Amino acid sequence: MVLNARLDHRDPLVFDTHELGRRPGALQRLTRTVDAPKDFGLQGVIGVPEGAPVELDLRLESVMEGVLVTGTARARAQGECVRCLEPLEQQLEADFQELFSYPDADDRGRPVAEPGDDAEDDEDRFFVEDGLIGLEPVLRDAVVLALPMQPVCQEDCPGLCSQCGVRLADDPDHHHDAVDIRWAALQGLAGSLGDGEKDEMSGDGPDSADAAEKQEK
């Protein structure tokens, strides 16, 4: 059950529904620009920076059960490309809809003696408290769902070189000569044999020295 008893009417994400009234069918449209709260997004991945402007287009409708809020939030999200680790920005647009129930009515609009009698049913519900509704948790969930789990600076970003870490988009022709480790030992052996043959041909090896000494005797 989500109660809003401690809502502050000065909070820009708290809305007063007294003007809307409780007559089913009553409608109110609102446009508001608010500052993004802290940790507004996927922490460490991408999100709307704290204090950045968030534009809200809202529709508040009075229904039997409470106040139905439908809206769209728009903002600029910032993060880091998961492939090349470069900073990125992208336009965010998140749609949401949530019912804020009257505390003296159940989910069918029928009066109840005490809100929260059935804790299991109330666990995921939001309520109108003293005519106020708090939009922050609803908006936060909508923004998280609208953000990419793996943001990229561009769809075809090639990422980083796995060997040296250079950004491949800056050097499309970048490559490393691959060496098969299975042949590395043989290449070393071949190199040592080649050096021995050169020594023999030049007469600098130990065998050539012995042969020269015998010839002198």
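This structure is a prediction, so every number in the text was calculated from the model and none was measured.
Residues G47 and L147 come closest through the heavy atom pair CA-CD1, 4.0 Å. Here the shortest heavy-atom pairing between P103 and V128 reads CD-O, 3.0 Å. The shortest heavy-atom contact between C81 and C153 is SG-N, 3.4 Å. Nearest heavy atoms, P53 versus T33: CB-CG2, 4.0 Å. In terms of heavy-atom proximity, V82 sits nearest to V152 at CG2-CG1, 4.0 Å. For the residue pair Y102 and S62, the shortest heavy atom distance occurs at OH-OG, 3.6 Å.
Under the 4.5 Å side-chain criterion, counting only non-hydrogen atoms from C-beta, V54 is not in contact with L92. Residues L68 and Q97 meet the side-chain proximity criterion, which asks for heavy atoms closer than 4.5 Å. Contact annotation: the side chain of P24 never approaches that of V63 to less than 4.5 Å [non-hydrogen atoms, C-beta and beyond]. The closest side-chain heavy-atom distance from L58 to F96 is below 4.5 Å. Side-chain contact between S101 and L99 is present, with heavy atoms from C-beta onward closer than 4.5 Å. Counting heavy atoms from C-beta outward, F40 and R140 have side chains that approach closer than 4.5 Å. Annotation: side chain of L56 is in contact with side chain of L13 (closest heavy-atom distance under 4.5 Å). Put simply, the side chain of F100 reaches to within 4.5 Å of the side chain of V69, judged on heavy atoms.
The line from CZ of R29 to OG1 of T70 is 9.5 Å long, rounded to the nearest 0.5 Å. Taking CZ of R22 as the start and CE of M64 as the end, the distance is 9.5 Å to the nearest 0.5 Å. Here the straight-line distance linking atom CD1 of I46 with atom CD of Q90 works out to 4.0 Å at 0.5 Å rounding. The structure places NE2 of H9 at 9.0 Å from CG of D16, a figure rounded to the nearest 0.5 Å. The CZ atom of R74 lies 8.0 Å from the CG atom of D95; values are rounded to the nearest 0.5 Å. Separation of atoms CZ (R32) and CG (D57) is listed at 12.5 Å; rounding is to 0.5 Å.
In the displayed structure, Q91 atom CD is contacted under 6.0 Å by more than 12 heavy atoms of other residues, nucleotides or ligands.
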Worked verdict on L135 versus F15 for side-chain contact (heavy atoms from CB on, under 4.5 Å): CA-CA 8 Å; L135 206 58; F15 294 82; 3.7 Å; yes

Step-by-step side-chain contact (heavy atoms from CB on, under 4.5 Å) determination, I133 to V138: CA-CA 10 Å; I133 58 175; V138 175; over 6 Å; no

Verdict with supporting geometry, L27 and R59, side-chain contact (heavy atoms from CB on, under 4.5 Å): CA-CA 7 Å; L27 184 66; R59 170 191 168 109; 3.4 Å; yes

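By the rule that hydrophobic residues join a cluster once side-chain heavy atoms approach within less than 4.5 Å of another member, V143 and L145 end up as members of separate clusters. In this structure, V34 is a member of the same hydrophobic cluster as V144, with clusters built from ILVMFWY side-chain heavy atoms closer than 4.5 Å.
A donor-acceptor contact shorter than 3.5 Å is absent between the side chain of R76 and the backbone of P49.
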